[in-house]
Trainee: 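Okay, here's the structure, questions in a sec.
For this chain, numbers begin at 1 and follow the sequence in order. None of the values given here were measured: they were computed from a predicted structure.
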Amino acid sequence: MVYSRRYRRKRMLVILACVLAAVLIFGCVLFWFLHRPMPRDLASAAAPQGPVFGVRFGGAPVFAEASPEELDAYFQKAVSFAKEHGMNTVFFDVLNDADGVGFRDRTFATWAGASSQDSLFHKYDPLASLCEIASAEGISVRAVAPEISGDKDWEHSLKRLKKHYAIAGLSIEGSALLDFETQKETVFIPEADFAKPEVLFRHTLGGEIPDAVFDYEACLANVEELSVLASVLDTTVERPVLLNYTPPKELSVQYPADGAKIYTETCFVMGTSDPEQPLTFNDAAVETRAPGGTFGVLAALSYGENVLTLRQGGQEVSVTVVRPEPPKPDPAKPKPETPEEPPHDATVSAEEGTPIRIDGWLTSLLYDPENDGNINETVRRGAVARVTESVETMRKGKKTWAYKLASGDYVLAYNTTILSEPAETGFSFTGASAQKTDYGEAVTFTGKGTPLAYTNMVEGDLVMDFYDAEFAADFAVSDSAMIAETIVEPNDRFTRITFKFTQPVWGHTVEYTEDGTTQILLKKQPVRSDVFGKPLTGVTVLLDAGHGDHDTGAAGPAGPDAPTEKDANLALMNAVKYRLEQMGASVQTIRTDDSFLSLEERNRAIITGQPDFFLSLHHNSIDLRVDANQASGTECYYFYPAGKELAKTLVENVTAATGRASRGAHWGYYYVTRSTVCPAVLLETGFMVNPAEYEQVTSDAQLLAAGDAIARSILACVPKA
């Protein structure tokens with residue numbers, strides 16, 4: 001009996017021990033199951049190929065309070081957004097100071113909302129769930145946590161987090177997001193910077209596309225701005241080779257040349273030097289130098305020889321220039337009683353009614369023949385008009401004839417040919433037909449003749465005044481999708497044709513063909529694209545790098561063997577082209593190498609290419625008898641009103657991007673800007689002869705910054721659909 005009781009007690013102890021062991025084993029298995037490391041072969045743990053591009057979310061109180069269902073729904077939406085917008089990573093803030101962490105840890109409590117449905121066999125883990133959702137979409141996950149110095153528990157927790165979750169990395173938040181192990185920086189763009197894509201672009205100026213992450217809620221609210229930011233990160237467009245120039249540190253005088261004759265009282269002396277050593281000019285310290293050592297000093301010149309001497313660190317460089325004395329009048333030579341009559345060129349007077357043809361590719365019709373800037377209209381080659389009066393005027397020291405036309409404006413005779421055919425009663429048109437083109441429509445008139453036409457856009461209508469031409473009362477345009485109505489209004493001086501449109505018209509051109517046909521080219525309005533990361537898709541930009549070959553433009557303080565204006569213009573063009581193509585634009589170029597094209601060839605390219613925007617890129621200069629250190633800034637010129645907004649936007653953005661002064665947007669009759677096809681401007685981004693600005697406009701980083709500003713200016717001028 002005793003034995004039996006003793007045996008039963010022993011058996012109970014064994015059973016109890018077995019139960020305890022089973023519970024312990026089960027607990028260990030359950031603990032392992034609930035805390036087992038995630039598989040490392042999940043897509044969420046794979047680092048993306050190329051730069052990181054992603055969104056960041058989490059950490060706010062709303063996450064701490066959200067239920068598992070709400071968290072999963074948010075994660076799915078955010079991951080789907082990332083994938084739809086070409087992103088490769090989501091960043092998840094795992095800590096909320098007041099409400100725990102967004103993952104399971106033995107030291108720190110998980111967010112209350114995420115733990116609200118915990119049971120013995122199920123504990124929801126936000127970070128693990130995010131990794132699974134992201135893996136299904138092929139998106140990487142990075143956890144984001146603050147750095148808490150000296151907190152050993154937190155340090156150990158982060159190490160466990162890195163080990164147990166299928167994440168591609170752990171980022172520590174400080175002044176930047178730094179990788180937990182490599183300390184590699186990820187650029188974070190908060191909502192405040194969404195309207196300033198230049199902030200992100202500055203991170204690329206060293207040549208590398210940065211890893212970048214954007215606030216998710218800001219992305220949802222600013223998709224258009226995010227599209228521009230995404231273009232900055234496009235690695236499919238190859239970054240161009242620019243100037244790669246550094247000014248030499250050797251002491252030199254590059255202007256004026258030794259032995260030069262200078263006829264002015266002062267001369268701006270330019271050269272190079274070592275910026276680390278003091279520099280003197282004619283024994284006076286040179287106080288103003290650019291960071292790279294280029295300099296310019298205004299020197300006063302006396303009559304005769306002037307020795308200009310520079311000294312630095314034991315070196316001395318001198319040049320001698322001569323300022324000739326003005327010729328003294330010869331008392332023995334009698335003064336002419338009457339001034340000499342200026343010579344006359346080969347042009348002739350034309351009788352009233354004489355027909356003439358415009359021969360200049362672009363010819364000005366002047367309201368006053370005394371000045372080439374008195375332009376009332378620009379006419380293309382081939383237009384025919386009649387002379388009402390001939391008047392004499394002066395050009396380049398010679399007399400020349402100007403012909404007054406029925407419009408009241410004048411054309412210089414050397415831009416015309418007198419037609420030998422007898423004067424006709426005028427040209428006649430019965431109608432017109434339209435043909436669709438890649439850029440809009442070509443409207444060809446039915447009938448022969450190329451009459452002079454004045455054109456103007458008035459409240460969206462194209463108004464054309466044709467001189468010496470008759471139009472049928474029922475004149476209309478057939479087969480046009482752009483022209484809604486044609487109104488014919490004859491009067492004693494001209495016939496007015498008004499075209500009303502079904503859609504906005506961006507530009508137009510009157511073409512006169514060699515066989516005597518009149519044609520109007522209508523250009524449809526571009527619109528901003530909704531292609532993500534490519535907001536300029538469908539927009540065409542024609543870039544003209546000014547000067548080229550023997551036409552070097554202005555030289556800088558480093559001399560003709562260093563980059564001159566033609567080189568800086570071409571480098572800037574390539575920088576602009578790079579950013580435009582990142583944004584999706586189609587870019588046409590006038591020249592891609594050190595070649596020369598005439599002004600007519602450059603303007604012809606606008607007609608041929610039919611771009612949506614035309615920019616002629618230049619760098620400025622100034623008379624070298626003044627202190628060029630004081631000449632500074634960016635300015636832009638337009639001719640037609642359509643170019644004014646672009647000119648103003650360019651000056652504003654380039655000024656902000658480069659830190660150079662704004663010299664404003666101005667009207668000017670530059671040959672290359674005189675096109676009605678599209679907004680056309682000539683941009684002067686900085687002064688070649690100002691040493692400080694020369695070093696900027698030949699710096700690759702500054703060229704790229706200016707190129708980005710120019711591309712963004714074009715984008716700003718594209719209408720939204």
Side-chain angles (χ1 to χ4, degrees), residues 260-267 303 322-420 423 452 467 547 550-551 553-554 598-603 621-626 637 639 666-674 682:
K261 289 185 178 180
I262 306 292
Y263 293 87
T264 55
E265 294 181 358
T266 54
C267 172
Y303 289 121
V322 177
R323 182 186 176 199
E325 294 194 23
K328 296 178 180 179
D330 185 354
K333 185 177 180 180
K335 295 182 179 180
E337 295 181 3
T338 57
E340 292 185 8
E341 183 75 9
H344 206 294
D345 65 10
T347 60
V348 297
S349 175
E351 295 181 359
E352 182 180 357
T354 301
I356 58 170
R357 182 182 64 240
I358 305 297
D359 284 342
W361 172 254
L362 285 181
T363 299
S364 299
L365 302 186
L366 308 173
Y367 55 83
D368 181 349
E370 298 300 315
N371 189 312
D372 287 340
N374 298 327
I375 302 169
N376 200 30
E377 183 64 87
T378 298
V379 184
R380 295 283 304 285
R381 179 177 294 167
V384 173
R386 296 182 187 278
V387 176
T388 62
E389 182 185 354
S390 295
V391 298
E392 281 190 313
T393 185
M394 294 286 293
R395 288 297 184 279
K396 297 180 180 179
K398 291 184 179 182
K399 286 186 177 181
T400 190
W401 287 100
Y403 301 141
K404 189 175 184 179
L405 308 177
S407 64
D409 293 324
Y410 297 84
V411 60
L412 295 172
Y414 53 67
N415 285 322
T416 70
T417 295
I418 294 177
L419 300 179
S420 58
L452 169 66
Y467 288 84
H547 304 282
H550 62 277
D551 179 15
S598 68
L599 292 176
E600 179 176 321
E601 288 174 311
R602 295 172 195 260
N603 192 280
S621 188
I622 198 170
D623 192 327
L624 292 179
R625 60 183 173 182
V626 300
Y637 294 89
F639 182 78
H666 308 282
W667 180 88
Y669 56 97
Y670 289 98
Y671 200 89
V672 290
T673 64
R674 294 169 65 181
L682 185 147

Trainee: Are the side chain of T347 and the backbone N or O of W401 linked by a donor-acceptor pair below 3.5 Å?
Mentor: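 At least one qualifying donor-acceptor pair exists.
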
Trainee: Yes or no on side-chain contact (heavy atoms from CB on, under 4.5 Å) for R395 and L412, after CA distance, side-chain angles and deciding distance?
Mentor: CA-CA 10 Å; R395 288 297 184 279; L412 295 172; 3.8 Å; yes

Trainee: Walk me through whether S407 and Y467 qualify under side-chain contact (heavy atoms from CB on, under 4.5 Å).
Mentor: CA-CA 8 Å; S407 64; Y467 288 84; 3.5 Å; yes

Trainee: I want to check something: taking the side chain as every heavy atom from C-beta on, are D623 and T264 in contact at a cut-off of under 4.5 Å?
Mentor: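 Heavy-atom side-chain distance check fails, nothing below 4.5 Å.
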
Trainee: Report the C-alpha separation of V387 and I356 in whole Å, then their side-chain angles, then the decisive distance to 0.1 Å, and conclude whether the side-chain contact (heavy atoms from CB on, under 4.5 Å) test is met.
Mentor: CA-CA 7 Å; V387 176; I356 58 170; 3.8 Å; yes

Trainee: Excluding sequence neighbours, so at least two apart, what forms ring-ring contact (aromatic ring centres under 6.0 Å, His included) with F639?
Mentor: W667

Trainee: Apply side-chain contact (heavy atoms from CB on, under 4.5 Å) to residues T363 and T378 and explain how you reach the verdict.
Mentor: CA-CA 6 Å; T363 299; T378 298; over 6 Å; no

Trainee: Which atom pair, heavy atoms only, marks the closest approach of L452 to A383?
Mentor: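 Closest approach of L452 to A383: CA-CB, 4.1 Å.
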
Trainee: Would a 4.5 Å heavy-atom cut-off, applied to side chains only, mark V348 and I418 as touching?
Mentor: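 When only atoms from C-beta onward are counted, I418 and V348 do touch, with a gap below 4.5 Å.
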
Trainee: Any side-chain heavy-atom pair from L405 and R386 closer than 4.5 angstrom?
Mentor: no

Trainee: Only counting residues at least two apart or in another chain, list the ones meeting ring-ring contact (aromatic ring centres under 6.0 Å, His included) with Y671.
Mentor: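 Scan of Y671 (ring-ring contact (aromatic ring centres under 6.0 Å, His included), adjacent residues dropped) gives none.
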
Trainee: Looking at R323, I want to see if its CZ is surrounded by more than 12 non-hydrogen atoms of other residues, nucleotides or ligands under 6.0 Å.
Mentor: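 Yes, the 6.0 Å shell around CZ holds more than 12 heavy atoms from other groups.
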
Trainee: Within the 4.5 Å heavy-atom criterion, are I375 and L365 side-chain neighbours or not?
Mentor: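 Result no, sub-4.5 Å side-chain heavy-atom pair not found.
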
Trainee: Testing the 3.5 Å rule here: is there a donor-acceptor pair between the side chains of D345 and T400?
Mentor: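 The criterion, which ignores hydrogens and geometry beyond distance, is satisfied for T400 and D345.
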
Trainee: To the nearest 0.5 Å, what is the distance between CD1 on I358 and OG on S364?
Mentor: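 The CD1 atom of I358 sits 10.5 Å away from the OG atom of S364.
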
Trainee: With sequence neighbours left out, write down each residue that passes salt bridge (Lys or Arg N to Asp or Glu O under 4.0 Å) with E352, or none if nothing qualifies.
Mentor: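 E352: no salt bridge (Lys or Arg N to Asp or Glu O under 4.0 Å) contacts found.
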
Trainee: Please determine, by modelled atom types, if E351 and T354 share a side-chain donor-acceptor pair under 3.5 angstrom.
Mentor: no

Trainee: Apply side chain to side chain donor-acceptor pair (under 3.5 Å) to E265 and list each qualifying residue two or more places apart in sequence or on a separate chain.
Mentor: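 Once residues adjacent in sequence are excluded, E265 has no partner under the side chain to side chain donor-acceptor pair (under 3.5 Å) criterion.
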
Trainee: Do the non-hydrogen side-chain atoms of S390 and K404 ever get within less than 4.5 Å of each other?
Mentor: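 S390 does not reach K404 side chain to side chain.
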
Trainee: Would N415 and D359 count as having a side-chain donor-acceptor pair, cut-off 3.5 Å?
Mentor: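 No.
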
Trainee: Do you know the tightest heavy-atom contact between Y410 and P369?
Mentor: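 Distance-wise, the nearest heavy atoms are CD1-CD, 3.6 Å.
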
Trainee: Can you tell me how far apart NZ (K399) and CD (E341) are? Round to the nearest 0.5 Å.
Mentor: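 Answer rounded to 0.5 Å: 3.5 Å.
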
Trainee: Report yes if the side chains of V672 and L682 come closer than 4.5 Å at any heavy-atom pair, otherwise no.
Mentor: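 Side chain of V672 against side chain of L682, heavy atoms only: contact under 4.5 Å found.
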
Trainee: Give a yes or no on whether a salt bridge exists between R381 and E600, defined as a side-chain N under 4.0 angstrom from a carboxylate O.
Mentor: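 Counted as a salt bridge, because a side-chain N and a carboxylate O are separated by less than 4.0 Å.
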
Trainee: As an exercise, state the distance from CZ of R380 to CG of L362, rounded to the nearest 0.5 Å.
Mentor: 6.5 Å

Trainee: Once salt bridge (Lys or Arg N to Asp or Glu O under 4.0 Å) is applied, do any residues pair with R674, and if so which ones, sequence neighbours excluded?
Mentor: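 So R674 forms no salt bridge (Lys or Arg N to Asp or Glu O under 4.0 Å) with any residue.
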
Trainee: Could you work out, with ring-ring contact (aromatic ring centres under 6.0 Å, His included) as the rule, every residue matching Y670, not counting sequence neighbours?
Mentor: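 Here the qualifying residues are Y637.
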
Trainee: Search all heavy atoms of P324 against all heavy atoms of I262 and return the closest pair with its distance.
Mentor: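 Reported closest heavy-atom pair: CD-O, 3.6 Å.
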
Trainee: Rounded to the nearest 0.5 Å, what separates atom CZ in R357 from atom OG1 in T417?
Mentor: 5.0 Å

Trainee: Is V411 close to L366 at the side-chain level, that is, under 4.5 Å between some pair of heavy atoms?
Mentor: no

Trainee: Between E389 and Y403, is any pair of side-chain heavy atoms under 4.5 Å apart?
Mentor: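 Contact flag for E389/Y403 side chains = no.
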
